[in-house]
A.B. asks: 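The structure's right below; bear with me while I get my questions together.
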Amino acid sequence: MSPSPDLTPAEFREHGRSVIDWIAGYLESPEKFPVLPDLEPGTLLRAVPKSPPDRGEPMAAILADFERIVVPFTTHWNHPDFMAYFANSGTASGILGETLTAALNVNAMLWRTGPAATELEQVTLDWLRQMLGLPSSFFGTITDTASSSILYALAAARELHPELRIREDGMSGRPDLPRIAIYCSEEAHSSVDKAAMTLGFGLRGVRKIQTDSGLRMNPDALAAAIRSDRTEGVLPLAVVATVGTTSTTAVDPVPVIAEICSREKLWLHVDASYAGTAGILPEMRHILDGCERAHSFVVNPHKWLFTPMDCSALYTSRPDLLRRAFQHIPDYLTVSGSQDSVNLMDYGISLGRRFRALKLWFVIRSFGVEGLQSLVREHIRLARLLSTWIDDDPELERMADAQFSTVVFRHRPPGLEEEALDAHNSRLLDRVNGSREIFLSHTRVRGSYALRIAIGNIHTAESHVRRALDIVKRESSRAS
Ligand code: PLP
């Protein structure tokens, strides 16, 4: 049998039109789907054949199955009633960029294997850097997620100490190595722990620094922990400060932390994965004060900058150390001639690199800086409005400041003791999500169970936010 040809250009046009039509309809009215599917785990596993087809199937049948099997079994992140975790948006312009990325199918491991992808990544991240008011000395590279970004940043931090010879000699079986410690607040994201697990610092190497009443890292406690580690012969390596914690969007005092890092010669990584985007607003730029002193900084356009998954922007003032951590060139990847160009494979673990910059370039160009600012500003307005509704309701209690687009609160009906509130609110969340009308998530604030409403989808309007609170109130009357 001769090899199966791909779709002909005519077939591609035909099916491509139906796909684009489907996407346009989806973006026009995502609300025709429930935000959360009503399914048991394994439903899709049972709905599709266990083995692959021997012969190619018609594209029309595949697309029909996409609508029949995939779409109903999807949690719709692109739905305006998705307000869980950090809600995001796959916007039309980003989707077009993503589609063209697939068409070009570039693997930008070396400059010459993807000149446009390599250079557009630098240009686009430099635009974003300017939008955030970060220094021109920051070198940006795109990774898949903030979790990879922090892993890479802390691997670069390890290269602040070439005398440890970790790159060459590794860490196992080495009694000559000191224990290494990294520092973050007790509210930092679990990706800090995962990076420590992966890089050989271990979970025991992560110092969770106490927070103040606003859930921000306490810099005195940080300084004390560093001092105590030095006394014990532990090597303090890096501090991870968070601008916008996952749980309550608290902002660590980066300027003071930067001062401590400079005095102690520690690497400073700033995790601004979600809230960093707010720094594009002049009135919110203060949240990034001190970040100009970071060795590395991460913001995720795939969280709140209207760019489809996945796209994490990692900046560093020490690209030389990032390269030292990851550059490893086998003979088959050597390049003759000029060595001036950036080869993206030198800045992370993956050799292959998707052309992720294209969708971000499309998004920034199609909205413009002012367009993006007005979207982010509107989300912040909605969150503040929601905060006032919650504050005005005697049965609701806000659990944290809401300076970005996420509001954390709980239901506190009269007569219910503190000990009963966690279970009450957990049941409430189950009812709210069980309605499948909206999707919220939860957290714990100083140990107490709380609900989160995270506004981040481009289609989420005031009416959706009002309705979300109405649904919480409706279900709260049934949750006891
Ligand atoms: N850092 C913070 C503050 C986060 O909130 C999150 C995820 O929500 C992450 C890091 C991890 O992001 P990613 O999913 O891109 O790895």
Side-chain angles (χ1 to χ4, degrees), residues 31 34-36 38 75-77 79-87 186-187 211-216 244-251 274-275 278 304 377-457 459-480:
E31 287 159 276
V35 59
L36 262 180
D38 185 7
T75 298
H76 290 283
W77 284 73
H79 196 295
D81 294 316
F82 186 109
M83 300 180 200
Y85 310 105
F86 284 129
E186 51 199 7
E187 295 289 315
T211 52
D212 65 14
S213 58
L215 300 161
R216 299 169 289 243
T245 56
T246 313
S247 185
T248 64
T249 73
V251 176
Y274 154 69
W304 196 15
R377 193 174 277 130
E378 172 63 3
H379 284 172
I380 293 175
R381 185 190 75 80
L382 292 176
R384 293 193 179 154
L385 188 61
L386 173 62
S387 296
T388 62
W389 293 336
I390 290 173
D391 294 347
D392 289 346
D393 190 318
E395 289 204 358
L396 296 176
E397 179 186 15
R398 200 143 55 78
M399 305 289 279
D401 279 350
Q403 55 173 324
F404 301 108
S405 64
T406 303
V407 184
V408 185
F409 66 104
R410 66 178 172 177
H411 183 231
R412 189 177 194 140
L416 210 58
E417 298 297 318
E418 180 67 39
E419 308 77 63
L421 284 175
D422 284 4
H424 170 77
N425 278 279
S426 163
R427 278 195 302 273
L428 170 58
L429 184 68
D430 286 346
R431 282 183 175 279
V432 166
N433 288 337
S435 77
R436 320 224 167 257
E437 294 169 82
I438 54 171
F439 183 22
L440 307 185
S441 58
H442 74 279
T443 188
R444 281 193 180 267
V445 181
R446 299 233 175 277
S448 297
Y449 192 97
L451 277 54
R452 290 167 80 265
I453 293 188
I455 300 159
N457 186 267
H459 301 293
T460 300
E462 191 173 317
S463 55
H464 298 102
V465 179
R466 182 66 249 179
R467 200 170 76 93
L469 196 62
D470 289 345
I471 292 170
V472 169
K473 289 287 296 175
R474 184 189 74 204
E475 297 301 331
S476 68
S477 58
R478 305 180 190 163
S480 329

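The figures here come from the full heavy-atom set of this structure, side chains too, leaving out hydrogens, waters and symmetry mates.
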A.B. asks: For Glu397, give me all partners under side-chain contact (heavy atoms from CB on, under 4.5 Å), at least two apart in sequence or on another chain.
C.D. replies: Met399, Arg410, Arg412

A.B. asks: May I ask you to decide if Thr246's main-chain N or O and Arg452's side chain share a donor-acceptor pair within less than 3.5 Å?
C.D. replies: yes

A.B. asks: Tell me if a side-chain donor or acceptor on His424 pairs with a main-chain N or O of Glu419 at a distance below 3.5 Å.
C.D. replies: no

A.B. asks: Going through the distances and angles, do Leu382 and Glu462 end up as a side-chain contact (heavy atoms from CB on, under 4.5 Å)?
C.D. replies: CA-CA 6 Å; Leu382 292 176; Glu462 191 173 317; 3.7 Å; yes

A.B. asks: Ignoring hydrogens, what is the shortest heavy-atom contact between Phe404 and Gly244? Give both atom names and the distance.
C.D. replies: CE1-CA, 4.4 Å

A.B. asks: Nearest 0.5 Å, please: how far is NE2 in His459 from NE2 in His79?
C.D. replies: 10.5 Å

A.B. asks: Let me confirm one number: the CG-CZ distance from Leu440 to Phe82, rounded to the nearest 0.5 Å.
C.D. replies: 10.0 Å

A.B. asks: Going by ring pair (Phe, Tyr, Trp, His ring centres under 6.0 Å), name the residues that satisfy it together with Phe409, two or more places apart in sequence or in a different chain.
C.D. replies: none

A.B. asks: Excluding sequence neighbours, so at least two apart, what forms side-chain contact (heavy atoms from CB on, under 4.5 Å) with Ala461?
C.D. replies: Ser463, His464

A.B. asks: Quick one: CG on Leu396 to CD1 on Ile390, what's the gap to the nearest 0.5 Å?
C.D. replies: 6.0 Å

A.B. asks: Apply side-chain contact (heavy atoms from CB on, under 4.5 Å) to residues Thr443 and Val408 and explain how you reach the verdict.
C.D. replies: CA-CA 8 Å; Thr443 188; Val408 185; 3.9 Å; yes

A.B. asks: For Asp422, check side-chain contact (heavy atoms from CB on, under 4.5 Å) against everything at least two apart and list the hits.
C.D. replies: Arg444, Ser448, Tyr449

A.B. asks: Let me confirm one number: the CZ-OG distance from Arg431 to Ser426, rounded to the nearest 0.5 Å.
C.D. replies: 12.0 Å

A.B. asks: Can you name the side-chain contact (heavy atoms from CB on, under 4.5 Å) partners of Arg446, sequence neighbours left out?
C.D. replies: Glu186, Thr211, Leu215

A.B. asks: Apply salt bridge (Lys or Arg N to Asp or Glu O under 4.0 Å) to Glu395 and list each qualifying residue two or more places apart in sequence or on a separate chain.
C.D. replies: none

A.B. asks: Let me see the working for Arg436 and Asn433 under side-chain contact (heavy atoms from CB on, under 4.5 Å), right down to the final yes or no.
C.D. replies: CA-CA 5 Å; Arg436 320 224 167 257; Asn433 288 337; over 6 Å; no

A.B. asks: Would a 4.5 Å heavy-atom cut-off, applied to side chains only, mark Val465 and Leu385 as touching?
C.D. replies: no

A.B. asks: So, taking the atom named OG in Ser405 and the one named CZ in Arg384, what distance separates them when rounded to the nearest 0.5 Å?
C.D. replies: 10.5 Å

A.B. asks: Going through the distances and angles, do Trp389 and Asp470 end up as a side-chain contact (heavy atoms from CB on, under 4.5 Å)?
C.D. replies: CA-CA 10 Å; Trp389 293 336; Asp470 289 345; over 6 Å; no

A.B. asks: Would you find a donor on one side and an acceptor on the other, under 3.5 Å apart, between the side chain of Asp81 and the backbone of Phe439?
C.D. replies: no

A.B. asks: To the nearest 0.5 Å, what is the distance between CG on Leu429 and OG on Ser441?
C.D. replies: 7.5 Å

